[in-house]
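Just below is one structure, and these are the notes that go with it.
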Amino acid sequence: MSMIDEVIQKVKSKDKDQPEFIQAVTEVMETLRPTVDKHPEFVKAKIYERIVEPDRMIIFRVPWEDDNHEVQVNRGFRVQFNNAIGPYKGGLRLHPSVNLSIVKFLGFEQLFKNALTTLPMGGSKGGSDFDPKGKSDAEVMRFTYAFMRELYRHIGPDTDVPAGDIGVGGREIGYLFGYYKKIVNEHTGVLTGKGLEYGGSLIRPQATGYGVTYFAAEMLATRGTDFGGKVVAISGSGNVAQYAVEKVTQLGGKVITMSDSNGVVVDEEGINAEKLVFVMDLKDVRRGRISEYLHKYPQAKYFGGKSVWDVIKEESLHVDVALPCATQNEISEDHASALVKNGVVCVAEGANMPSLLGAIKIFQDNHVLFGPAKAANAGGVAVSGLEMSQNSMRLSWTSEEVDSRLRDIMKSIHKASLEAAEAYGRKGDYLAGANIAGFIKVARAMLAYGIV
Ligand code: NDP
């Protein structure tokens, strides 16, 4: 059995109850095979075995009181995966599905993604099985305070810097930062995604959605084309999806889908800037459901209980570019085959691990440009890194400056992924290239430290 197979097997037997983590490790390790012969020094130092084991995993009780004065108990997580190249950095997810497997898979992916950004950040991730849906602002505040009451002792601006993810937006970051500041008595860059008034960066809310669009534009450019006139399918209607819709539309594409966990809107006339303003108000201010889009735009169609990819398959919708921006494992093999049949030329992952391994293979076998999450959605954490820099320097850059740095970072991630793929015999394979480029940087740092 090869060393890589042994590492995968060990994770499968040690972490057998963690399917998402096993999936993420398998995906990365499979693509690292070409590095083994070229780097005997990594093999000798057992970097491959060490890199799949987090530095530490913190699991804690989060008790809080709801509006009826009932005590509720949730479980909190922070997995500090690896800080070889910088302080731990990664988002917090609030969703009922959150468990150790999901947090570990996200932390592992984050490690390689952060290495690709060119900025000095290690990898971590956290969250809780708390469901913010249907909770009052006061309940969300009490929960986030209770969560921070334990988390604060494990984080710090030079130790571990959390940010948002699913279920954690501006409101939650405000509560988390406010409580941290209160109990630690320090106003530092301990969280990113902060409001502009208290240390946030311009363009941070837009960064992941803009970044995935910039990355897709770079991929399209390798085939001599761009977003102009392209039909684009986007899933989700949260932070990443909203700003992907905005940037795609600005670049001349026509977005025909958005979704939430209840269903999908298809608007074949295109979800333009005016309609997007309605969606942003609906989802972020009124906290409504995407089905309400039809109240305002009745020519659109709504498909309840389905994903964007189900609808494309069942309705045979033509799509040139697909940007999955909702959650993990959205795109199955069947969905991928339907996308290929319906004309897709480019898939860039806004969400983390939205495509199953079999789906990725179908895209690659059919010469679809496939941009994996850790490269394509790295714009969010990249601008978080820029927020940390601005906090340390105690100054703020203009939105033009941050956007231009974001565009340059996405270009350099695209280039680094292509170059690593070519150098290791996988020309044109962005998945292998991104994994290898991120891995080499972390592995070299780990090697420099000896056996710690
Ligand atoms: P939000 O909570 O803002 O939005 C998530 C969207 O996806 C919502 O529309 C939500 O629907 C939908 N969704 C969530 N879970 C499911 C599910 N199980 N099935 C169907 N739809 C679902 O999160 P973000 O936009 O921040 O994150 C989306 C993805 O992007 C995640 O994978 C995240 O890890 C990734 N990501 C986010 C970054 C960021 O900067 N925010 C950075 C890099 C990656 P509903 O409204 O019904 O909950």
Side-chain angles (χ1 to χ4, degrees), residues 20 24 89-98 102-103 105-107 109-110 112-114 116-117 123 125-127 130-135 162-173 191-193 200-201 203-212 215 234-245 257-265 279-280 282-284 286-293 303-311 323-331 348-355 371-385 387 406 410:
E20 292 85 0
K89 177 90 194 88
L92 296 171
R93 177 175 291 191
L94 297 182
H95 193 273
S97 63
V98 168
I102 288 184
V103 179
F105 119 64
L106 289 166
E109 293 277 304
Q110 194 79 46
F112 300 98
K113 180 186 309 185
N114 292 2
L116 279 173
T117 63
K125 201 84 187 191
F130 172 80
D131 187 358
K133 264 197 220 93
K135 303 288 192 302
D165 190 74
I166 291 178
V168 177
R171 172 183 62 171
E172 292 75 17
I173 294 289
L191 287 160
T192 58
S201 174
I203 306 290
R204 176 59 189 91
Q206 293 86 344
T208 309
Y210 280 16
V212 68
F215 194 88
I234 293 182
S235 61
S237 50
N239 173 262
V240 180
Q242 291 173 7
Y243 289 104
V245 172
T257 59
M258 287 186 89
S259 66
D260 62 19
S261 42
N262 293 105
V264 181
V265 161
V279 172
M280 286 175 166
L282 172 68
K283 295 295 293 188
D284 305 346
R286 291 189 278 134
R287 299 196 184 270
R289 310 308 300 153
I290 199 71
S291 56
E292 294 166 53
Y293 184 94
F303 299 84
K306 298 202 186 285
S307 76
V308 165
W309 322 111
D310 294 334
V311 173
L323 305 178
C325 295
T327 193
Q328 65 271 3
N329 294 334
E330 305 176 38
I331 302 186
E349 296 185 324
N352 282 313
M353 207 166 75
S355 314
K374 60 175 81 62
N377 75 22
V381 72
V383 174
S384 278
E387 182 174 332
L406 169 64
M410 297 317 295

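Start at 1 and go down the list; that is how both ligands and their atoms are numbered.
Interatomic distance, CD of Glu20 versus OG of Ser97, reported as 8.0 Å (0.5 Å rounding). How far NZ of Lys374 is from CD of Gln110: 11.0 Å, rounded to the nearest 0.5 Å.
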Residue pair Thr117, Lys89: steps toward the side chain to side chain contact (heavy atoms under 4.5 Å, CB included) verdict: CA-CA 12 Å; Thr117 63; Lys89 177 90 194 88; over 6 Å; no
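The residues lining ligand 1, counting any heavy atom closer than 4.0 Å, are Arg93, His95, Lys133, Asp165, Ile166, Gly167, Arg204, Thr208, Gly236, Ser237, Gly238, Asn239, Val240, Ser259, Asp260, Ser261, Lys283, Arg289, Cys325, Ala326, Thr327, Gly350, Ala351, Asn352, Asn377.
Every residue two or more places apart in sequence or in another chain that forms a side-chain contact (heavy atoms from CB on, under 4.5 Å) with Thr208 is listed here: Arg204, Val240, Asn377. Residues passing the salt bridge (charged side-chain N to carboxylate O under 4.0 Å, His left out) test with Arg93 are Asp165, sequence neighbours excluded. Applying the salt bridge (charged side-chain N to carboxylate O under 4.0 Å, His left out) rule to Lys135 yields no partners; only residues at least two apart in sequence or on another chain are considered.
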